[in-house]
Amino acid sequence: MTFLSWLGALGCWLFVVTFLVDGWTRPGYRPVRHAVSALALGDRGWIQNANFIVCGVTVTAGAVALAGAVDSVLLALVIALFGVALVASGIYPMDAMRGYPPGTSEGTPDHTSTAHQRHDWAGAAVFGLLPLAVIIAVFVLPGAGWKGYSVLTALVVLVGAGLFGQAWEDDHPRTGLVQRVVIVTGWLWLGLLFAHAA
């Protein structure tokens with residue numbers, strides 16, 4: 001079970017490192033504006049698709065070990081579902097839009113593909129389940145340190161997820177930046193939780 005916990009931790013941290021490096025080195029991609037999911041498009045899109053799937057599988061595996069380590073089946077179940085939603089995000093990529101890949105129209109298309117719609121549903125699950133997991137952790141994790149850290153994380157991911165949703169709808173020029181704050185904060189917390197369980 002220790003191996004699965006470390007697998008979950010490494011999957012979370014590798015996900016963040018991969019999209020940060022890929023985003024900053026991808027021609028035509030603007031990390032401050034574009035969502036992480038847009039990295040699944042273009043010639044190098046396979047990197048982010050694999051990143052979603054690998055992270056989702058490792059998080060789900062880590063959740064199996066977490067159930068016994070923190071004595072909360074509910075927390076482990078929510079995190080496992082979060083992992084499954086990440087896998088779905090990699091299987092169903094978003095449509096090209098908002099200037100990426102280069103040459104794509106700057107706007108949002110009136111109609112989207114089935115894959116894009118499924119990606120949206122998976123994304124809604126990801127950004128809904130993560131705050132839920134952190135809130136549950138506030139009540140089930142022992143120790144004032146973990147409770148306090150989880151409260152702060154919950155505030156960032158809850159407010160941030162709401163701001164990201166609004167920024168996405170408005171095609172705000174800092175949509176990608178807002179999303180990255182949520183992801184880095186949430187995935188770091190989850191990775192540390194897995195490491196703590198290990």
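Position 1 is the first residue of the sequence; numbering continues from there.
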Start with the C-alpha gap between Tyr149 and Trp146, add the side-chain angles, then the distance that decides, and say whether ring pair (Phe, Tyr, Trp, His ring centres under 6.0 Å) holds. CA-CA 5 Å; Tyr149 178 35; Trp146 266 105; 5.6 Å; yes

Where do Asp95 and Ser113 land on the side-chain hydrogen bond (donor to acceptor under 3.5 Å, both in side chains) test, with the steps shown first? CA-CA 7 Å; Asp95 291 346; Ser113 68; 2.6 Å; yes

Test side-chain contact (heavy atoms from CB on, under 4.5 Å) applied to His172 and Leu177, step by step: CA-CA 10 Å; His172 194 279; Leu177 178 62; over 6 Å; no

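Between Phe15 and Trp187, a ring centre-to-centre spacing shorter than 6.0 Å is recorded.
When side chains are defined from C-beta on, Val140 does not count as touching Asp71, because their heavy atoms never get closer than 4.5 Å. Considering only heavy atoms from C-beta on, Ile183 comes within 4.5 Å of Phe19 through its side chain. Here the side chains of Ile135 and Leu158 are in contact, with some heavy-atom distance below 4.5 Å. By the 4.5 Å heavy-atom criterion applied to side chains, His116 and Met97 are counted as neighbours. When side chains are defined from C-beta on, Trp6 does not count as touching Phe194, because their heavy atoms never get closer than 4.5 Å. In this structure, Ile53 and Gln48 have side chains that are not in contact, with every pair of non-hydrogen atoms separated by 4.5 Å or more. Between Thr104 and Pro101, the closest side-chain pair of non-hydrogen atoms falls below 4.5 Å.
Contact detail for Ala35 and Trp168: the closest heavy-atom pair is CB-CZ3, 4.1 Å. Leu4 and Ala65 get closest at one heavy-atom pair: CB-CB, 3.9 Å. Minimum interatomic distance between Ala85 and Val126 (heavy atoms only, all atoms of both residues): CB-CG2, 3.6 Å. Ser150 and Leu141 make their closest contact through OG-CD1, 3.9 Å (heavy atoms, listed as atom of the first residue, atom of the second, distance). Counting all heavy atoms, side chain and backbone alike, Pro102 lies closest to Gly28 at CG-CA, 3.9 Å. The shortest heavy-atom contact between Leu193 and Val70 is CD1-CG1, 4.5 Å.
Residue-environment remark: CG (Asp170) exceeds the threshold of 12 foreign heavy atoms within 6.0 Å.
With values rounded to the nearest 0.5 angstrom, Met94 atom CE is found 10.0 Å from Leu39 atom CG. With values rounded to the nearest 0.5 angstrom, Leu77 atom CG is found 11.5 Å from Leu66 atom CG. Residue Leu75 holds its CG atom at 9.0 Å from CG of Leu132, rounded to the nearest 0.5 Å. Once rounded to the nearest 0.5 Å, the distance linking CG of Leu130 with CG of Leu190 reads 7.0 Å. Here the straight-line distance linking atom OG1 of Thr58 with atom CG of Leu10 works out to 8.0 Å at 0.5 Å rounding. A distance of 14.0 Å separates NZ of Lys147 from CG of Leu152, quoted to the nearest 0.5 Å.
Without hydrogens or angle criteria, Arg180 side chain to Pro31 main chain gives a donor-acceptor distance under 3.5 Å. Checking side-chain atoms of Asn51 against main-chain N and O of Thr18 turns up no donor-acceptor pair under 3.5 Å. Under the 3.5 Å distance criterion, the side-chain polar atoms of His119 are left unmatched by any main-chain donor or acceptor of Pro93. Judged by distance alone, with hydrogens and angles left aside, the side-chain atoms of Thr185 form no donor-acceptor pair with the main-chain N or O of Val182 at under 3.5 Å. Judged by distance alone, with hydrogens and angles left aside, the side-chain atoms of Gln179 form a donor-acceptor pair with the main-chain N or O of Val36 at under 3.5 Å.
Cluster annotation: Val16 is not connected to Val32 through the hydrophobic network of ILVMFWY side chains, with a link wherever side-chain heavy atoms come within less than 4.5 Å. Following chains of ILVMFWY side-chain contacts shorter than 4.5 Å, one can reach Trp189 starting from Leu20, so the two form part of one hydrophobic cluster. Both Val184 and Val59 belong to a single network of hydrophobic side chains, linked directly or stepwise wherever heavy atoms of I, L, V, M, F, W or Y lie under 4.5 Å apart. The hydrophobic cluster containing Val156 does not contain Val78, counting ILVMFWY residues as joined when their side-chain heavy atoms lie under 4.5 angstrom apart, directly or transitively. Both Leu188 and Phe52 are assigned to one and the same hydrophobic cluster, defined by single-linkage of ILVMFWY side chains at heavy-atom distances under 4.5 Å.
When only modelled atom types and interatomic distance are considered, Ser89 and Arg118 share no side-chain donor-acceptor pair under 3.5 Å.
Listed by chain and number, the residues in a salt bridge (Lys or Arg N to Asp or Glu O under 4.0 Å) with Asp171 are Arg33, Arg98 (sequence neighbours excluded). Listed by chain and residue number, Tyr29, Tyr100 satisfy the ring pair (Phe, Tyr, Trp, His ring centres under 6.0 Å) test with His34 (two or more places apart in sequence, or in another chain).
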